[in-house]
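Since the structure comes first, as structure tokens, the remarks are kept for the end.
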Amino acid sequence: MTYDLTFAKEVYKNSEEGHWIKMCMQCGVCAGSCPLGFLGAWKYSPRQIFQMVRAGLRDEVLTSSDMWMCTSCYNCIVRCPRNLPITHIIHGLARYASVQGKADPKQPTHQFAKDIFWENIVATGRVGEAALTMKLYFKDGIGEGIKQGLEMKDSALGMLKAKRLKPLPFRGKIKGYPGFKAMLNKAFELENKKEGKA
Amino acid sequence: MKEYSFFPGCSSEHNASAANMETSVRSLCKMLAIQLNEIEDWNCCGASIGYAGGGVIPRLSLSARNFALSKQQQGDKDLVATCAACWLSMRETSERLAHEPEVKAKVNLALKEGGLTYDGGIKTRHLVEVLIEDVGWDTMKAKVTKPLSGLKAAGYVGCQTNRPFGVAGDSFENPQYLDRMIALTGATAIPFAKKVACCGGALMFSEQEKSCQLTRDIIQCAVDGGADCIVTPCPVCQLNLEVYQGKINQLFGTSFNIPILYYSQLMVLSYGGSWTDAALHQQVVPADVMKKFV
Amino acid sequence: MADGQAAGQTILVVGGGISGLTTAVEAAEVGYNVLLVEKSPHFGGRVTQHNKYFPKLCSPTCGLEINYQRIKNNPRIRLMTLAEVEEISGSAGAYTARIRQSPRFVSQKCTACGECAKACQTEVANPYNFGLNKVKAIRHDHFMAFPSHYYMDPDFARTDEAKKLATICPVGAIEPDMQAVVIEEKVGSVVWATGWKPYDAEKIMPYGFGRFANVTTNMRFERMADRFGPTGGQIIRPSDGKEAKNIAFIQCAGSRDHNYLPFCSRICCLASMKQATYVRNAYPDAQVTIYYIDLRALDRYESFQKMVEGDQGVRWIKSKPARIDEDPKTGNPIVVGENTLTGVRYEEPYDLVVLATGMEPNSATSARVPMPDAHYDEYGFVVSAGGLFASGCSSQPNDVSGSVQSSTASALRAIQTVVHAKG
Amino acid sequence: METKIGCYICTGCGIGEALKVQSLEKIATKEQKIPVVKNHPFLCGDEGVALIRKDMESEGVNALVIVGCSHRVKSESFRLGTALMDRVDIRDKCLWVLDVPEGDKTAAEDRQMMAEDYVRLGCVKVKKMNDPKPFEATTPFSKDVLVVGAGIAGLTAALEVARTGYKVLLVEKEETLGGKVANMHKVSPARPPYNKLEDNPLPKLLAEVKGNSNIRIMNSTVVQKTVGAPGLFDVTLKNGSSTAQERVGSIIIATGYTAYDPNKLEKHLGYGSSPDVITSLEFEEMAKAGKIVRKSDGKPAKRVAFSLCAGQRDSSHLSYCSGACCVYSLKQALYVIENQPDASAYLIYQEVRTPGQMEDFYRKVQNEGGIFIKGDVKQVAANTTGLTLDVDDKLLRQNIKMDVDLLVLATGMETTVDTVDPNSASPVGTQVEELPGSVLNLHYRQGPGLPSLNGPFPDSHFICFPYETRRTGIYVAGPARRPMGIAATRTDAAGAALKAIQVVESVARGAAVHPRAGDLSYPSFREEGCTQCKRCTEECPFGAINEDAKGNPLFNPTRCRRCGTCMGACPQKIISFANYSVDMIGSMLKEVEIPEADEEKPRILVFACENDAIPALDMVGRSRTNPLSPYIRIIPLRCMGSMNLVWIADAMSKGYDGILLMGCRHGTDYQCHNVRGSALAEIRLSKVSETLTRLQLEADRVKMVEVNIMDAETLPQVINNFVAEIKELDPNPYKEF
């Protein structure tokens, strides 16, 4: 492959806080700070992702599941010697990969965060945890759902017993939902412009 | 009586995962003459994974809407959150609205569609900040009537109450405020190396095994340190550490059964509050160790 | 042309470290009068705390001794210790400096016979060794101290013991009620050479200095390596006094970092390479690991780097460690990070970790130039202007050679100001 | 004027209690015939000093033997306006280094004997001293400064000298002034903010130089040869066919650097194979001309790669780093990308070396979009669209191709000064009228060039005294001295200017410069005694001595640093200083009382270098921890280089049982203040065994050790072990005679 700045410039412009990537000096503090890194969760550390962006490795970056491994612990942000808002850059890249249709829709965090969690917000204005859990279990179909459900039934029962989980997953919308929805629609319209999404 | 505008967040709703925090916080505030006025019809803050579906403007609009409502209903009162993720999203939103005019303009275009507008000015704070800065250490200490003597607690600050903003200017790597809060109830805060380690946060849903490894290490560290319980200000940490203990034991052959409590539960008890005031009946891992203090 | 100088043609040199000494000696040997002002009890400054210089691994005392001899033989140089410049008014060629000299409590009569220290019961944490050991409250900082006169800390001077010591001094040099004196001097130009201090390692929270006993700093390590230092030259663990044979050096601890010092301190890479040789000479079976971002052994120092690279006992890891943990059982610091050349994440335990902390200019904090129109860069380094010239580490992070280079240049520019003032 | 010596013995600091002062006085008066001998309980105090001053005024005392503490302390008290003085140290190096338990008579007696011997040494020393008269030349001294080279270093040096009020002769071999900087577009930041390119300082500098009446410019001119010494340099300047002679006081070499020849680089870097592979300097000229284009087809070059350390930090090319290339390349990257969104600059580096505030400049280039790649250029291929590079990205751990319009090679700097390796035996001066390639063509006995330290650089003590070369009065500034960038060069030039002025002022006073600054003594010799053995002319570390037609030494006192190496080298013992001579030390060592063999009190003579060994011995005294043998007698030497073998023979025939010489570390990382002194002493000593066998003595009786100034802790062991070894041997048989 060949070094190519097109992708870097695309990221600087379209991805949240992406322009910071040019300031990385490859010291490795972010990689050493990331909790999941030590569990072999990712192939490329944030530092490597940044170098790949600058090299122009578009597909490798956008199809990588590594950006989806961020627990939002913010260790990288507070330690970065160049003040890069790394957590937000990684979130931005993940989002950008999703928008560009490069992110694997079945990537667990991608699927959960976007199709389950976010859609749950959009649907009612708030997150209904019960609904969230159900959806999560059944995201891979009925069978998988029941299996998952059984696996977690103790905890679920515990939560029900503790009155910290609704017996029924259904919840109503917030009162001002229409306005809320209108707001989001407009927000997306503006967002899509920036992300250069069709 | 100090009044604040209040954003409980989804997990603090009735019958939600942090209902026990909600209850104990309400009791605590009553005892400390703090009045929390919940924003009517608030919406979700987007939390730490809102980015995936939300991107920048939709995500920030969520908190902006709550700001706008708070302003309408509560005027300039400080907006207080008890959930780390809620506080973080709100704090991030208010900073970006304050420093990025372009973002602020776009967000307001969105708000307008919902018949709202927000021009800034509301200070978003974590309840712990309110306790430290507005109530003060001395007052908090003075309220103690039933010191939790002999209780050994591991103060687990976690991530989002601590980074990137941090509470009351405390350090990112070795914050002290939680240990001080534990100490003021008469309990002992054990030295706890995993104080600011990550529990996996929202990835507990999508990367359960990896997150469980993180929580396993955290709980193990507390147990090794001889803790009777782990104390945290964060509902996500509380959930991940408590509800998944069974899963962790099953994955790693451990036999953890350690209660995970909120600082508010300890304080309420030490202030002479009842078992239910402290919502200790709502624990998944029973907090029997606390029984002797009521 | 130097003859018959009026007081106004005197050059004021502020700071008696290697830079100030150099400026003073070089200017005086041209034939100009110099007033050399040092705030501590002895001259020599930061380099006197160093065990050896890179790359020759020779003692700083050697070069200092030459300069001291040159000073002793040169009546044109006036010396003041324990003195700080409070205010400088006027303009180039015609400055007035107000200088406050704090009491030493031991007069010029002192013959450094040492009887007082022998008798003194009170011991205090030794600032010269960063508090790593205790010293008598009446003392000189080291055997090569110049001037060799003893001194007392002010709070000790007030004690009855100090008064008792005064009576045992054979020459009556001890004066517990000595007072500060303030003098005004007319000077033509000012050379600012107040040097640097090690960056406060406690501020670098992820590395746990202050929390973990076996995490130390490069300057403390330098004292440890000194045969006359707090450990008698033994390289040991502060926690248990065991030999430290597996040692990590962490570069850019505080430097090149927006959270601390955004600039590069220039000397730390070479200092750690030098200190690696201390370790390897002390223990043939020792293992040294150097964590770095970029190795900055500029120009001819490259050969020194090559020399250290040739040692199989030294390991190089391109990585800025993320944090340090402590193993509660062994007290071993555990260095955590990513090796950027392999992508491998590491968690490695050591006997001792040395933070290569950078240099913070004193002019950023304690040694501001008391002139209305003094200029600084954003880091607090002094920018030369008018009749004020910044030397050595007051102008930029410098090694000894670079400090001498800039201080010799400052001597000339200070002379020029004086010459033009004379017309 | 008659010298009248006064001997003043301090009885303070415990001396009075520990020693029989009367017998010390008796030695001074009766034995040494010192006319005025007094003691005082606190000699360095006002009253004690007044006592001495009074005798100097009323009694006509004009030479002093001050018996008390080390000369390294209380020097301000005893600055009494006479050069005829010795500080006899019976405190630090006698009282404080000896272990005399309460009531131990023998130990006390040994201590008394040591003190008495030291009083003897002091008295003899002062008796043998003459007041040094400053050197005066037969022809007038010049205070003018010659600056060779009119690049940024030379122009700056010239201006700095001129501004200080001295005349400057500025010589440039090219027709136009300015050197390499003349071709520069912009320069990297030298002052805050450190993220902005600065305008080329040359035009302003040139105007100031041309406008300064103290500066005389000679362009198209080279130095054909240099004869003489500081204050008295006669330089022949050649302009075309005409030559002119000028007298100057000192010389600044500012001839800059030559860029390493890119044709020597490995072929894979592509230099020569494609016109689009160029050096930093070639790129700079393009930028200056305002058109950064591909040389191949003149198309604009918007994609530029910079390969740092080209032929540097590389044993097969330049082993060192040139220090300035990283910043220089950063600057050039900005030419390409600053405010040009469609352009790209790649910096392919080994280490990014942006020291100090230059880190800001590094960040600036990143902020403008510069891409930094840690790795190497493996292959360069030219094609219709430009160049394709193979780069191994060490951080991506991949080999990646790169299409660029230009590849700029940051080649290093080589000094233009003709240097000679100091460790090679001093070469005989060629003394040809003209020597192309030699900056000064010095007509010195030791050759036309400047000695180097290690590596090609013409310096001697580059940490503590970076400007000191081994040719007095000749200083080197800028990249000719050491690789450096423009900002550092301008500072360096100012420093060299000071040294150039300092030396002409010192010479005018007849005073030495570093390290024995202010010393008025200088060597002279007795011509009749000379055998033309040439040792002095070969051994002088500073090349101060030439030879006359007969092969006799021709001293150049203003080149001399007063180390005494010539004196030590001379087998005929005919070289001496007014206040330091073979006879002086010889007489001193003979004055020591050598006990009879049966007393079993051996005597060990210690020659100690006064620069490092003597301070180290003072520290032994200060520390009071590990005592020395009472059998040693220490005689300080200016430098081990001044050690004359005759003293060894004298000492042996006198009956000393052993001799220990303590000099500074020599070799590459030498610490000898006079560079070669201790090394030469060692070489001489290697021949001493002959002397000893001639005297039928064991060679082990004489030993030389390296002593570092901080060796106080180990020194006692070294000394006492030697004493023990000597005790193993029989007493020196010559005691009997």
Side-chain angles (χ1 to χ4, degrees), chain C residues 1-2 26 29-31 53 56-59 61-63 65-66 70 72-75 109 111-113 143-144 148 170-171 227-228 256 262-264 266 294-300 302-303 306 340-341 343 377-379 381 383 396-397 400-401 404-406 408-409 411-413 415-416 419, chain D residues 12-13 42 44-45 69 73 75 79 160 163-165 191-192 313 319-323 351-357 359 394-395 397 455 457 462-467 482-483 491-492 494-495 497-499 501-502 505-506 515 517-518 611-612 615 619 622-623 669 671 673 708-710 712-713:
Chain C
M1 62 184 312
E26 297 296 349
E29 287 179 5
V30 175
Y53 282 152
K56 284 175 70 172
L57 300 176
C58 52
S59 166
T61 315
C62 177
E65 178 70 13
I66 297 184
R70 289 162 79 185
K72 290 169 188 171
N73 296 333
N74 197 318
K109 292 184 188 168
T111 63
C113 70
F143 293 134
M144 283 306 209
S148 57
V171 298
R227 275 194 244 126
F228 294 94
R256 300 183 66 186
F263 55 86
C264 160
R266 185 180 223 129
D294 293 287
L295 290 171
R296 292 182 168 175
L298 267 80
D299 61 74
R300 68 188 302 160
E302 182 70 28
S303 56
K306 288 271 183 301
T340 59
L341 292 180
D377 69 15
E378 64 176 299
Y379 308 124
F381 291 100
V383 178
Q396 63 177 44
V400 172
S401 189
V404 173
Q405 181 192 21
S406 86
T408 312
L412 181 78
R413 293 182 172 137
I415 288 171
Q416 287 169 349
V419 170
Chain D
C13 290
F42 182 22
C44 61
C69 51
V73 295
S75 41
R79 204 182 269 155
E160 295 284 2
R163 275 181 180 160
T164 320
R191 63 186 68 79
R313 311 179 59 207
S319 60
Y320 52 87
C321 148
S322 291
E351 316 282 345
V352 179
R353 289 181 167 173
T354 50
Q357 295 99 325
E359 192 71 12
K394 292 196 165 69
L395 292 166
R397 280 170 292 130
F457 308 109
F462 78 96
I463 300 176
C464 298
F465 307 102
Y467 293 105
R482 177 176 180 168
T491 304
D492 204 48
L498 179 126
K499 299 301 291 183
I501 290 166
Q502 187 184 63
E505 288 295 339
S506 302
N611 302 308
D612 271 28
M619 279 177 85
R622 286 254 175 109
S623 65
D669 285 335
Q671 286 166 37
H673 295 193
N708 175 309
I709 194 163
M710 292 302 279
E713 199 205 13

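So you know, we letter chains A, B, ... as the sequences are listed, proteins then strands, and number each from 1. The analysis underlying the following values was restricted to heavy atoms, covering all of them including side chains, and did not include hydrogens, waters or symmetry mates. Everything numeric in this text was worked out from a predicted model, so none of it was measured.
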(request) Go through the structure and list residues passing side-chain contact (heavy atoms from CB on, under 4.5 Å) with Ala409(C), not counting sequence neighbours. (result) Arg413(C), Thr491(D), Ala494(D)

(message) Report which part of Val383(C) has an atom under 4.5 Å of a heavy atom belonging to chain D: side chain, backbone, both, or neither.
(response) side chain

(message) Less than 4.5 Å to any heavy atom of chain D: does that hold for the side chain of Pro170(C), its backbone, both, or neither?
(response) neither

Backbone of [Y] reached by a side-chain donor or acceptor of [X] within 3.5 Å:
{"X": "Ser401(C)", "Y": "Phe462(D)", "result": "yes"}
{"X": "Arg70(C)", "Y": "Pro515(D)", "result": "no"}
{"X": "Arg79(D)", "Y": "Pro75(C)", "result": "no"}
{"X": "Arg266(C)", "Y": "Gly356(D)", "result": "no"}

(request) Kindly confirm or rule out a cation-pi arrangement of Arg300(C) over Phe457(D), judged by NZ or CZ under 6.0 Å from the six-membered ring centre and within 45° of its axis? (result) no

Quick one about [Y] and [X] (side-chain donor to acceptor, distance below 3.5 Å, no hydrogens or angles considered), yes or no?
{"X": "Glu65(C)", "Y": "Asn611(D)", "result": "no"}
{"X": "Glu26(C)", "Y": "Gln502(D)", "result": "yes"}
{"X": "Glu160(D)", "Y": "Gln416(C)", "result": "yes"}

(message) I'd like to know if Arg482(D) and Asp299(C) make a salt bridge, using a cut-off of under 4.0 Å between side-chain N and carboxylate O.
(response) yes

(message) Do the side chains of Arg296(C) and Glu359(D) get close enough for a salt bridge, i.e. N-O under 4.0 angstrom?
(response) yes

(message) Within the 4.5 Å heavy-atom criterion, are Leu298(C) and Pro355(D) side-chain neighbours or not?
(response) yes

(message) Please rank Lys306(C), Arg256(C), Glu378(C) by heavy-atom pairs under 4.5 Å with chain D and give me the top one.
(response) Arg256(C)

